[in-house]
Structure formats: structure tokens, C-alpha cells
Amino acid sequence: MQTLQHQYLQQLPLLLLKRSNVWVTEKRRSLTLAEQKAFMNYLYSNHSYQGWKPVITVLIGTGMRIGECLGLRWQDLDFENRTISINHNFVHRRVDEEGGTIHINTPKTEAGNRTIPMIEPVYEAFLEEYQIQSITGFCTQEVEGYSGFVFASSNGTVTLPVEVNRAIHKIVDDYNAEETALAKKERREPLLLPQFSAHHLRHTFCTRLCENENNLKVIQSVMGHKDIQTTMDIYADCTEDKKKEVIKNIEGKIFVI
């Protein structure tokens, strides 16, 4: 069995490449706790968005990749033990405005195959989705031998990532418009939301997880990170923010006169 040190050394060339100027990626920002609360409260309180409530709740409550979430089948859910089995990925490749192609990919690494516990809001979201589809109809589409998908549109086809992201953008736009008007009326600064995608919800979940858990292997396992450095980088960012919060909280307690 390989040691963690040996695994890290094997990954070192890729890590060095990522840190070089050859591989430059924009740092992904998670929602702050205040932004997360504002977004979810707005989602939950508006009837017009109720159809999107289950899938967005599952995304932010599990940290799944959008393809993992939309690829879920009812048979992947263990309601008795409240666990989710991640064993494949739904992929939608957009060709043009008229459509695209859909596929099912299986994880290329063992890190991708994992089990995620259901927290209570996620458990309730799955039950709500089941109740919705009991009325609107369950998914009838089959993709490369996979069927019985959890998240589906009213016409029985699998929900696409672009549809989820479009819904998130619409919710953010509507929230910001209403918050701006309300803040002006109340003569205060508005709490506006940044535009974000489903993947930012994954990063937000990981941030909340890092803020409340210091076992990096547990975090890596839940998130399905192949590279432990990815987990470490997110954890380092979170602990830096937490450090500032702790220092601010004791600001008036250090020098006691």
C-alpha cells in the first residue's frame, strides 16, 4: 500500500506545473455565509422557484459536481442509511444553440467513486423531488444504459447543467433587483449576490466543510478530490479567513485595562 508521502511525490510534477505560469487558473470564490443565507432564503421563500429548490439544495448540501448530481438515479440513494452513492457522471457537451450530446462517464480514479452522507435538508430535498415527479412524471430518458434519473424536466428528460446554471442566474438577478429596491427604501447598503454557477455551490460546500472539519482526508473523501493539494489549498484559504475572524473577536480582550 502506498504511503501518503509516496502518493504526494508522484503528484508533485503536476502540482509544480499548476503553480507555474504555464497553468494559470482563476481562483474560484465561494459564497460567504451571509451570501449563502440570503440566496437560500430567497430561493425557499419564492414559490416561482420551487421546482429548482431540490436540486440546488442537493448541490449546496453535498458538494457534488453538477454532472454527478444530475447523473444520480433513484437506485443510487439509500434512504434507510441516508447515503448517496457516486459512481458515474452525466456529461452534456453543447454543440450549438440547437442542442448537444449527452454521455455517461465513470470516474477515472478511485477518488471519484465515493459515498456521501445525506444531511437532513438534502434528505428532505430528495423526498420533495420524488413528490414533485409523482405529479409531473418521472424521468423516462435512457442515456447509454442508465435510466431512472432523479432530476428531470417536465417532459421526462434529464435536467441539463445549462438549465440549472440559467436558473441560478435568474434567481440571483431577481434577488439583487428586489434587495436593491428594499435597501433603498430602508436606507441601508444592499447585500448583493455575485453571479455564480453550480460549481461555486460545490466550492461553497467545501468551504463550509473546511470551516468545521480539520481532517483533510475526510474532506478529500467527501469532495472526491483526486489531488490532496486541492483539498489543502481550499482548507488553507478557509483557515486564513477563520484566523482573521478569531483575531477580530478577541481584539478587545487582549489589552485589558
Side-chain angles (χ1 to χ4, degrees), residues 28 43 49 51-79 82-119 121-134 136-171 196-206 220-227 230:
R28 186 169 282 110
L43 170 66
Y49 308 127
W52 294 106
K53 178 181 165 186
V55 66
I56 292 176
T57 298
V58 170
L59 283 167
I60 203 167
T62 62
M64 280 189 285
R65 299 172 178 89
I66 184 65
E68 294 172 337
C69 181
L70 299 183
L72 284 177
R73 302 163 296 168
W74 291 109
Q75 69 188 65
D76 297 319
L77 309 179
D78 184 341
F79 285 101
R82 299 200 178 192
T83 58
I84 306 165
S85 175
I86 308 298
N87 51 64
H88 61 279
N89 189 52
F90 177 80
V91 179
H92 173 242
R93 293 188 177 90
R94 191 168 182 175
V95 176
D96 51 37
E97 292 298 325
E98 300 300 319
T101 59
I102 54 177
H103 304 281
I104 296 293
N105 286 347
T106 53
K108 296 181 176 61
T109 65
E110 280 303 312
N113 278 313
R114 64 196 189 281
T115 300
I116 301 176
M118 294 183 202
I119 58 177
V122 170
Y123 175 79
E124 294 293 338
F126 282 129
L127 293 183
E128 183 175 344
E129 181 66 24
Y130 189 89
Q131 291 171 350
I132 291 173
Q133 291 190 24
S134 294
T136 61
F138 291 92
C139 184
T140 57
Q141 187 176 19
E142 181 176 309
V143 181
E144 297 180 346
Y146 287 74
S147 60
F149 295 97
V150 172
F151 297 109
S153 61
S154 57
N155 61 4
T157 58
V158 185
T159 301
L160 300 178
V162 66
E163 295 172 333
V164 177
N165 285 324
R166 189 182 299 128
I168 291 174
H169 292 158
K170 179 68 167 59
I171 294 168
F196 61 90
S197 68
H199 199 81
H200 289 85
L201 296 180
R202 170 174 165 81
H203 196 70
T204 297
F205 171 83
C206 189
Q220 181 187 17
S221 176
V222 171
M223 298 303 300
H225 290 154
K226 178 181 70 172
D227 181 358
T230 302

Asks: Partners of P121 by side chain to side chain contact (heavy atoms under 4.5 Å, CB included), sequence neighbours excluded?
Replies: T57, I119
Asks: Can you list the residues that meet the ring-ring contact (aromatic ring centres under 6.0 Å, His included) rule with F196, with sequence neighbours excluded?
Replies: F39
Asks: Going by side-chain hydrogen bond (donor to acceptor under 3.5 Å, both in side chains), name the residues that satisfy it together with Y49, two or more places apart in sequence or in a different chain.
Replies: D174
Asks: Applying side-chain hydrogen bond (donor to acceptor under 3.5 Å, both in side chains), name anything that partners T62, two or more places apart in sequence or on another chain.
Replies: none
Asks: Can you list the residues that meet the side chain to side chain contact (heavy atoms under 4.5 Å, CB included) rule with I104, with sequence neighbours excluded?
Replies: H88, F90, V143, E144, Y146, F149
Asks: Looking at G224, is its backbone amide N or carbonyl O close enough to the side chain of R65 to form a donor-acceptor pair, meaning the two atoms are under 3.5 Å apart?
Replies: yes
Asks: Not counting sequence neighbours, which residues clear salt bridge (Lys or Arg N to Asp or Glu O under 4.0 Å) with E128? List them please.
Replies: K53
Asks: Count the heavy atoms belonging to other residues, nucleotides or ligands that lie under 6.0 Å from OH of Y123, then report whether that count exceeds 12.
Replies: yes
Asks: Only counting residues at least two apart or in another chain, list the ones meeting side chain to side chain contact (heavy atoms under 4.5 Å, CB included) with F205.
Replies: L209, V222, M223
Asks: Main chain of S197, side chain of H200: is a donor-acceptor contact present, judged purely on distance under 3.5 Å?
Replies: yes
Asks: Tell me, which pairs form a side chain to side chain donor-acceptor pair (under 3.5 Å) where one or both residues lie in residues 149-163, sequence neighbours left out?
Replies: S153-N155, S153-T157, N155-T157
Asks: According to side chain to side chain contact (heavy atoms under 4.5 Å, CB included), who are the partners of A152, at least two apart in sequence or on a separate chain?
Replies: Q133, C139
Asks: Mind checking what makes side-chain hydrogen bond (donor to acceptor under 3.5 Å, both in side chains) contact with N87, not counting sequence neighbours?
Replies: D76, S85
